[in-house]
There are 2 protein chains.
Amino acid sequence: MFACTAPGLSAQTKVEECNIGSRKEVAKLAGVSEATVSRVLNGVGPIREETKLKVLEAARQLNYVPNVLAQQLARRRSGNLGVILPYVPKVKLFSAYYFAEILSGIGETARRMGYDLLIIPLSPVEARSYTNLFQTQKVDACIMLGSQDTAEERGALRQLHEGGYPFCLVNQRFDDEPFKTIEADHVKGGQLAASHLIGRGCRRIAFLNGPDAYSNSRDRMKGYSLALQKHGIAMDNELLYRGNYSRTSGYQYAEQLAEAVRAGRVDGIVAANDRMAIGLLQGLREHGIEPGKDAALIGYDDADGARFTEPQLSSVAVPFYEMGEQAAQWLLDSLSEPGAQPDSSASAEGQSVQGAGDAVRPVIQLPVRLVPRASSLRYPDLESGQL
Amino acid sequence: MFACTAPGLSAQTKVEECNIGSRKEVAKLAGVSEATVSRVLNGVGPIREETKLKVLEAARQLNYVPNVLAQQLARRRSGNLGVILPYVPKVKLFSAYYFAEILSGIGETARRMGYDLLIIPLSPVEARSYTNLFQTQKVDACIMLGSQDTAEERGALRQLHEGGYPFCLVNQRFDDEPFKTIEADHVKGGQLAASHLIGRGCRRIAFLNGPDAYSNSRDRMKGYSLALQKHGIAMDNELLYRGNYSRTSGYQYAEQLAEAVRAGRVDGIVAANDRMAIGLLQGLREHGIEPGKDAALIGYDDADGARFTEPQLSSVAVPFYEMGEQAAQWLLDSLSEPGAQPDSSASAEGQSVQGAGDAVRPVIQLPVRLVPRASSLRYPDLESGQL
DNA sequence: ATCAACAATGTACACGCGTACATTGTTACA
DNA sequence: TGTAACAATGTACGCGTGTACATTGTTGAT
């Protein structure tokens with residue numbers, strides 16, 4: 001009847017029983033009560049060694065595996081760590097370096113801590129309510145990727161926080177909100193990028209930024225402007241461009257920027273991520289501008305692709321993998337803390353926000369690192385008019 | 001007491017009750033039995049319109065959300081689609097174009113069909129037993145990514161199949177096994193790649209392949225050799241190289257291949273994936289060989305990076321996203337089929353293998369597509385000795 | 001000898017849901 | 001008018017665990 005009665009194939013693994021025995025059968029075979037079986041398998045309470053062995057042997061013999069679903073119900077814990085992926089039209093999220101790295105970090109940590117990863121791609125249609133996710137008990141905690149600072153999102157997250165549900169944002173900070181957040185020091189990153197170009201002799205530095213709905217966009221902008229200010233270079237609004245972090249959106253500015261470089265109005269470009277930078281780099285070359293020579297170009301993220309281009313793309317490395325690791329670690333640690341009432345952390349952190357303190361704001365910032373490559377070499381002696 | 005009693009913040013969303021009411025409370029408020037509540041919410045059996053409204057109103061008022069854990073237990077279905085990720089040392093899997101695309105496809109389809117994605121990264125230590133996953137009821141079905149053809153893996157999958165657990169392999173075929181499989185036509189792909197180079201005038205075509213543990217490696221090899229044979233070019237074992245699909249492993253052969261090109265022993269190179277091709281491309285250029293000019297180079301997969309290089313990399317596009325979609329679709333469809341006994345498909349397909357038939361082998365093959373770019377241009381007039 | 005303390009185990013129930021079966025009220029048709 | 005069919009709902013139980021509490025047997029101190 002069952003497949004395990006199939007003939008010859010794979011005598012490799014001897015399966016003594018094929019259908020999954022339940023706890024009851026184990027108890028009967030071992031000659032003890034179900035409770036004892038449970039205790040043995042969970043290592044709870046004092047058990048006579050002999051009994052323990054009997055139970056374990058019976059379990060082995062029946063090929064017993066506890067039903068996780070039932071455990072979850074009884075324990076009122078799913079053992080799942082949710083990962084929310086935003087819906088971005090026409091973009092395959094996993095394919096973005098950024099997401100892929102963070103997910104890897106989360107996945108590894110979750111595995112180590114005995115949690116499973118429940119991936120939840122947001123639907124484009126349904127209203128954004130995260131509480132539902134927790135109410136159904138599908139997840140014990142949740143990590144939000146790629147969320148944007150919109151009123152709707154802010155509201156949904158507040159509701160979550162007020163409900164005392166543990167969650168953590170990665171690479172997106174909501175100012176004036178007490179949300180757990182892991183991010184990188186993008187102000188510093190923007191500063192590093194711009195300062196690097198300045199150090200290479202650039203004085204007219206364009207900045208191709210991404211949407212302001214991302215705190216990291218705003219942070220990089222701040223860093224860029226700090227760097228200029230520090231070196232006594234005036235900000236020029238004409239040199240600020242806005243893309244959407246796609247390669248295409250970088251490519252689209254190529255003509256305009258090539259013209260500006262040729263006219264001597266731009267001698268260096270900071271792009272807010274590598275995808276845009278790569279698109280831009282290719283476009284510039286098509287328009288006869290050689291990055292690293294006619295103008296310096298630096299990207300951001302230090303994605304794989306930065307090493308594929310010609311010339312190779314200077315960038316700012318962001319520890320996405322580590323950010324994922326830490327987010328998961330932090331969140332899962334907080335679950336096993338003493339005051340693990342869903343309420344506790346909410347109210348505690350609420351205090352720190354109500355009060356003066358920014359000190360206790362639950363935001364962890366990881367450092368970024370400049371990665372200079374050929375695209376930002378730029379020989380100052382080849383200024384403009386060279387072509 | 002609860003966080004929802006917090007003051008001012010976010011009057012945005014009125015939550016009438018904060019703690020999750022259970023079915024019992026809804027029943028009481030609506031003045032019906034729990035069974036009726038259940039029926040209304042699941043749309044089962046005939047219900048009087050008036051009762052239905054009463055129940056729905058009560059549920060709304062109590063902010064009732066069914067406990068998924070309990071549903072899963074009662075229904076004996078988790079509603080989770082498992083995705084097994086192999087453990088590859090030092091490789092962040094999500095970051096591979098290949099995985100990212102497939103996962104996106106799976107994710108989208110799963111979402112559409114009401115399933116959640118349970119990501120299961122294999123641990124490096126524990127023995128490879130997949131049955132446990134099903135026995136614990138964590139997943140209803142499972143998609144295997146990146147599995148290799150080893151004795152251990154074969155055994156584990158057989159066990160799964162014999163247990164009647166529904167699973168599906170993606171981009172990896174186990175010959176002589178009745179496993180559900182979605183792959184691409186890599187024989188054709190290898191043929192396309194090699195034929196393309198031949199069409200561009202190449203006659204001494206090196207092949208940088210990946211490990212033979214992957215069926216797609218073997219298939220491409222077959223395609224490569226078919227193409228040569230078809231054009232009357234003799235196979236030369238000296239021209240076969242073996243990498244591990246990493247960029248580094250491509251880079252490592254650069255010196256050797258540059259030398260061969262220079263010596264006129266090689267005028268075209270097929271690489272079995274883009275990562276190796278990109279590493280190779282960069283290495284070749286460092287050694288003074290210009291792909292697309294001194295020799296033709298073509299990669300495989302048509303990853304993002306293929307458009308980043310200089311010259312841009314010719315490649316063979318593989319519909320990874322669609323493969324993910326179809327795998328998920330197929331698997332989830334099969335769950336709701338009439339003969340949805342875990343046993344049925346196993347025995348049925350077992351037949352087809354015991355018998356003569358290869359016709360019913362549950363393998364779906366998707367087409368691949370040549371994507372010519374600059375790296376395979378190669379002007380025949382610049383044969384060898386040009387440098 | 002008595003009784004407290006404790007080890008070891010069994011009994012009983014809760015977890016929150018789905019659903020088979022029983023029950024009641026209504027309709028239609030003989 | 002009797003009855004079969006059916007609509008609408010309630011009752012009762014199973015899903016497979018975890019665990020509080022009860023029970024029994026043993027030990028050690030009084």
Side-chain angles (χ1 to χ4, degrees), chain A residues 17 19-56 58-59 62-80 114 132 134-140 342, chain B residues 17 19-56 58-59 62-80 114 132 134-140 342:
Chain A
E17 293 276 335
N19 45 348
I20 15 179
S22 71
R23 189 177 67 175
K24 189 185 295 180
E25 303 176 34
V26 176
K28 198 166 62 183
L29 181 58
V32 298
S33 74
E34 287 191 56
T36 299
V37 175
S38 178
R39 278 189 282 253
V40 168
L41 285 130
N42 291 316
V44 171
I47 303 277
R48 209 179 352 147
E49 189 61 22
E50 181 193 331
T51 311
K52 187 173 170 180
L53 292 179
K54 261 192 320 191
V55 169
L56 289 178
L62 290 172
N63 196 25
Y64 171 70
V65 177
N67 182 320
V68 174
L69 267 34
Q71 289 183 325
Q72 290 175 348
L73 179 59
R75 292 179 176 145
R76 260 145 298 178
R77 286 193 354 154
S78 72
N80 292 149
N132 190 65
F134 284 94
Q135 290 174 331
T136 61
Q137 312 252 21
K138 267 190 199 174
V139 302
D140 297 337
Chain B
E17 292 276 335
N19 45 347
I20 14 179
S22 71
R23 190 178 65 174
K24 190 185 296 181
E25 304 176 33
V26 176
K28 199 166 61 183
L29 181 56
V32 299
S33 74
E34 287 189 56
T36 298
V37 174
S38 179
R39 278 189 281 253
V40 168
L41 269 59
N42 291 316
V44 170
I47 304 276
R48 207 178 355 145
E49 189 61 22
E50 180 193 332
T51 312
K52 188 171 169 182
L53 293 178
K54 261 194 317 191
V55 169
L56 289 178
L62 290 171
N63 197 23
Y64 171 70
V65 177
N67 183 321
V68 174
L69 266 36
Q71 289 183 325
Q72 290 176 347
L73 178 60
R75 293 180 176 142
R76 260 147 299 177
R77 288 192 352 151
S78 71
N80 292 149
N132 191 65
F134 283 93
Q135 292 174 329
T136 61
Q137 311 253 24
K138 267 189 200 175
V139 301
D140 297 335

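In what follows, chains carry the letters A, B, and so on, assigned in the order in which the sequence lines appear, proteins first and then strands, with residues in each chain numbered from 1.
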In whole angstroms, how far is the [atom2] atom of [N] from the [atom1] atom of [X]?
X: Arg75(B); N: dG16(D); atom1: CZ; atom2: P; answer: 16 Å
X: Gln135(B); N: dT17(D); atom1: CD; atom2: C1'; answer: 17 Å
X: Arg23(A); N: dG16(D); atom1: CZ; atom2: P; answer: 11 Å
X: Lys24(B); N: dC17(C); atom1: NZ; atom2: P; answer: 11 Å
X: Leu69(B); N: dG18(D); atom1: CG; atom2: P; answer: 13 Å
X: Leu62(B); N: dG16(C); atom1: CG; atom2: C1'; answer: 15 Å
X: Gln72(B); N: dT17(D); atom1: CD; atom2: P; answer: 15 Å
X: Gln137(B); N: dT17(D); atom1: CD; atom2: C1'; answer: 12 Å

Quick one: is [X] getting a side-chain N or O under 4.0 Å of the [N] phosphate, OP1 or OP2?
X: Asn67(A); N: dC15(D); result: no
X: Ser38(A); N: dG18(D); result: yes
X: Gln71(A); N: dG18(D); result: yes

Check your understanding: When the C1' atoms of the five terminal pairs at each end define the local axes, what inter-axis angle does the helix from dA1(C)-dT30(D) to dA30(C)-dT1(D) show, to 10 degrees?
Key ->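 Here the local axes at opposite ends form an angle of 60°.
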Restricting to non-hydrogen atoms, name the atom on [X] and the atom on [Y] that form the minimum distance, rounded to 0.1 Å.
X: Ser78(A); Y: Gln137(A); value: CB-O, 3.2 Å
X: Gln135(A); Y: Asn63(B); value: NE2-ND2, 3.5 Å
X: Val32(A); Y: Val55(A); value: CG2-CG2, 3.9 Å
X: Phe134(B); Y: Val139(B); value: CD2-O, 3.8 Å
X: Ala30(A); Y: Ala58(A); value: CB-CB, 3.9 Å

Exercise for review: Supply the atom-to-atom distance Lys138(B) NZ to Asn80(A) CG, rounded to the nearest 0.5 angstrom.
Suggested key: 8.0 Å
Point to revise | Distance in Å, Lys54(B) NZ paired with Leu56(B) CG, rounded so as to fall on 0.5 Å steps | key: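 Here the rounded value is 12.0 Å.
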Check your understanding: Is there a donor on the side chain of Arg76(B) or the base of dG14(D) sitting less than 3.5 Å from an acceptor on the other?
Key -> no
**Study point:** Residues from residues 44-56 of chain A lying under 4.0 Å of DNA chain C - heavy atoms
**Key:**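 Contacts with DNA chain C under 4.0 Å: Pro46(A), Ile47(A), Arg48(A), Thr51(A).
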Review point. What does Glu34(A) touch in the nucleic acid at a heavy-atom separation under 4.0 angstrom: a base, only the sugar-phosphate, or nothing?
Key: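 Base contact - Glu34(A) has a heavy atom under 4.0 Å of at least one base atom.
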Practice item. For Thr36(B), answer base if it contacts any base atom (sugar-phosphate contacts may also be present), sugar-phosphate if it contacts only those atoms, and nothing otherwise; contact means non-hydrogen atoms under 4.0 Å. Key: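 Result for Thr36(B) = sugar-phosphate.
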Review point. With a 4.5 Å heavy-atom cut-off, do Leu41(A) and Arg23(A) have their side chains touching?
Key: no
Exercise for review: Could you tell me whether the side chain of Leu53(B) reaches within less than 4.5 Å of the side chain of Glu50(B), counting heavy atoms only?
Suggested key: no
Review point. Of Ala74(B) and Ala35(B), whose nearest nucleotide on DNA chain D comes first from the 5' end?
Key: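 The residue mapped nearer the 5' terminus is Ala35(B).
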Practice item. Please lay out, stage by stage, how Lys28(A) and Glu25(A) fare under the test side-chain contact (heavy atoms from CB on, under 4.5 Å). Key: CA-CA 5 Å; Lys28(A) 198 166 62 183; Glu25(A) 303 176 34; 5.6 Å; no
**Study point:** 5′-ward residue of the pair Leu73(A)/Arg39(A) relative to DNA chain C
**Key:** Arg39(A)
